[in-house]
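This report concerns only the one structure given below.
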Amino acid sequence: MNQSARHLKRKRFAFVALMLALAMLVAAGCSSKASKGSKSAGLDFSIEGRYVPDPDTPAWKLDTKEEITELTWYVNADWWNTDFGNDVVTKKIKEDLKINIRFITGDDTKLNTLFAGDELPDLITIFNGNTQMMKKAGNWALALNDLADKFDPYFYKVAAEDTLKWHQLEDGKTYGYPNYSNTQADYDSGFIPATTAFIIRKDVYEALGKPDLGTPEQFVAVMNEIKQKFPDLIPFGFNAVGTGTGPLGNTFQDFLGVPLEDENGDFYNRNLDEDYLTWIKTLNTVYRNGAISDDSFADDGTAFEEKVKSGKYAAILMDGTPQMSGFLQIWMSENPGKAYIAIDGPQSTLGRKPTLNQSGISGWMITYVTKDAKDPAKAIQIYTYLLSEEGQMLMNYGIEGETYKKNEDGTVELLPEVKEVQLNDNDRYKKEYRMGEFMFFGHDRHKALSKDSFAESIKQMQEWGKGKLKGHFILENIDPDAGTKEARNLTAINTEWATSLVSMIRAKSDEEFESALNHYKQFLDENGWEDIVKIRSEKMKENKAKLGM
């Protein structure tokens, strides 16, 4: 998926707070609707005379309804493109499904207004299915299981069973379905590219004799050598830290293969893993040697990007390579022989292998069919259509013969005239074609079909990452529920950890390093850490049960 879009999740915390305030209002409002008989109205909808559902045929191919069905679809994002039926992708959807969609966009306040009103849109898409409101979706949405059973059983052939299980509510039914939900099977397939890499400029790497940087001693020595031989470069850099830890926290832990759970299957505080702390101490040594710039802790995303595209860093621990591919490509195109390449870089002192993370099973955009849907049969047909191979190919590449061709080896290639527009007229490409943008229920695996999916600058990095991914499913959605004492404590602890980590790396002495580390440990004890661990451990067990682990 487009990870820059994924970063919109930073709005999550504000969203959670708002949703908590609305939860009782929504529950009461939806209960009122239910008492008026609307609770089962969606499933009482009749398709008699239109088609007979068949588990082996998508309902949209059976539906004989000729007139266009008008649907209203709310997307909780002001930036969403509301146009429908004028580009290659949505025009084909409109023709095949015989629907017309009026998109409504907004923010959390707009969503609040919708739920406070008398009628909901036909479909609603939000960006966090773990709020109290979404956990009570049975009050205002129709279960996908019920919709599929009655109107479109073919849905079960295209929906991922693990994703459905993951999003089940307490009643055993699933109400929302996400895009970019990666299951274990997706991780095992090898089609999902790694988005994390330790990269180094090729010219620098070769000038140094392609050294190993695997042990702390080797890493320190190479950074010192870069500092001496390439004084104009910053020996080691990393993505903007901001108010968190950037790639120096969980990302670096994944790189070192720090365990996701302890020997009992309970939550493991990876921040205090000895192997990881050995490497943080190593980064402190590198910092004290002058090979990590103070600016790296203050730079925002734009400043970091500028340094990447100007090749200012010798080596980088980079997270989100697809988002950085444009800047990496600029440097690569303008400086032949000096492109950034992925190497093994720092390695576990205990022999652990990298366990890089990617998009998890929770997904990103989550879409619901509301109990006010005018034609719930058409609504579930949209899910089935877009989840199918036909829909996935349409959303990613358009129409075969019109926008792309299939090669003999099974790969996909955009037609020359379309590729030309994609490369040189992005506004026209989005307006006329819209491939890669209209991605409800989209998935990364289809991007593996085409070399046009990713920039040349990161293909070697993706190749390096093969075999190094591991799903972090058990750690998804395990934080204490918003509004609880434990949730407030966790927020404070996370802030403290971000501060402590930077203080440790920038410590001017061993004593200062230990002081920062001990302060973090003490902060845990003083802020109910044991209670948080209990909650996380219990939720981890629930996650395992959902997935049959």
Pairing of K459 and E463 as salt bridge, 4.0 angstrom limit: no
Pair T196, T251: side-chain N/O donor-acceptor within cut-off below 3.5 Å: no
salt_bridge(K98, D63) N-O dist < 4.0 Å: no
Donor-acceptor pair between D254 and T355 side chains, under 3.5 angstrom: no
Main-chain N/O of V241 paired to T245 side chain as donor or acceptor, under 3.5 Å: no
Ring geometry between W364 and Y180 (parallel below 30°, tilted from 30 to 60°, perpendicular above 60°): tilted
K431/D83 salt bridge by N-O under 4.0 Å criterion: no
Residues N100, E70; criterion side chain to side chain donor-acceptor pair (under 3.5 Å); working and verdict: CA-CA 5 Å; N100 188 53; E70 300 285 341; 3.0 Å; yes
Separation of I361 CD1 from K165 NZ (nearest 0.5 Å): 10.0 Å
Stepwise side chain to side chain donor-acceptor pair (under 3.5 Å) test for T69 and K65: CA-CA 9 Å; T69 300; K65 182 180 179 182; 2.8 Å; yes
Exercise: do S333 and Q329 side chains pair donor with acceptor under 3.5 Å: yes
Side chains of Q358 and H472, donor plus acceptor under 3.5 Å: no
N179 side-chain N/O to M439 backbone N/O, donor-acceptor pair under 3.5 Å: yes
Salt-bridge contact K539-D479 (side-chain N to carboxylate O under 4.0 Å): no
Aromatic ring pairing W60/Y385, orientation class (parallel under 30°, perpendicular over 60°, tilted between): perpendicular
Side-chain donor or acceptor of K405 paired with backbone N/O of E413 under 3.5 Å: no
Mutual orientation of the aromatic rings belonging to F438 and F103 [parallel < 30°, tilted 30-60°, perpendicular > 60°]: perpendicular
Geometric class of the F45/F151 ring pair [parallel <30°, tilted 30-60°, perpendicular >60°]: perpendicular
Salt bridge present between E95 and K92 (N-O < 4.0 angstrom): no
Parallel, tilted or perpendicular: ring planes of W140 versus Y368, cut at 30 and 60 degrees: tilted
Donor-acceptor under 3.5 Å (N543 side chain, E476 main chain): yes
Stepwise side chain to side chain donor-acceptor pair (under 3.5 Å) check, Q168 with T174: CA-CA 4 Å; Q168 275 183 359; T174 302; 4.9 Å; no
Donor-acceptor pair between D372 and T370 side chains, under 3.5 angstrom: no
Flag for D108-N76: side-chain donor and acceptor within less than 3.5 Å: yes
Modelled atom types, side-chain donor and acceptor of T484 and D481, under 3.5 Å: no
By ring-ring contact (aromatic ring centres under 6.0 Å, His included) - contacts of Y175 (at least two apart): none
Exam field: side chain Q392 to backbone R445, donor-acceptor pair closer than 3.5 Å: no
Step-by-step side chain to side chain donor-acceptor pair (under 3.5 Å) determination, T125 to T367: CA-CA 4 Å; T125 296; T367 300; 2.7 Å; yes
All side chain to side chain contact (heavy atoms under 4.5 Å, CB included) counterparts of I104, not counting sequence neighbours: T72, Y74, R102, K110
Presence of salt bridge, K430 and D425, under 4.0 angstrom: no
Side-chain H-bond candidate by donor/acceptor type, H443 with D186, under 3.5 Å: yes
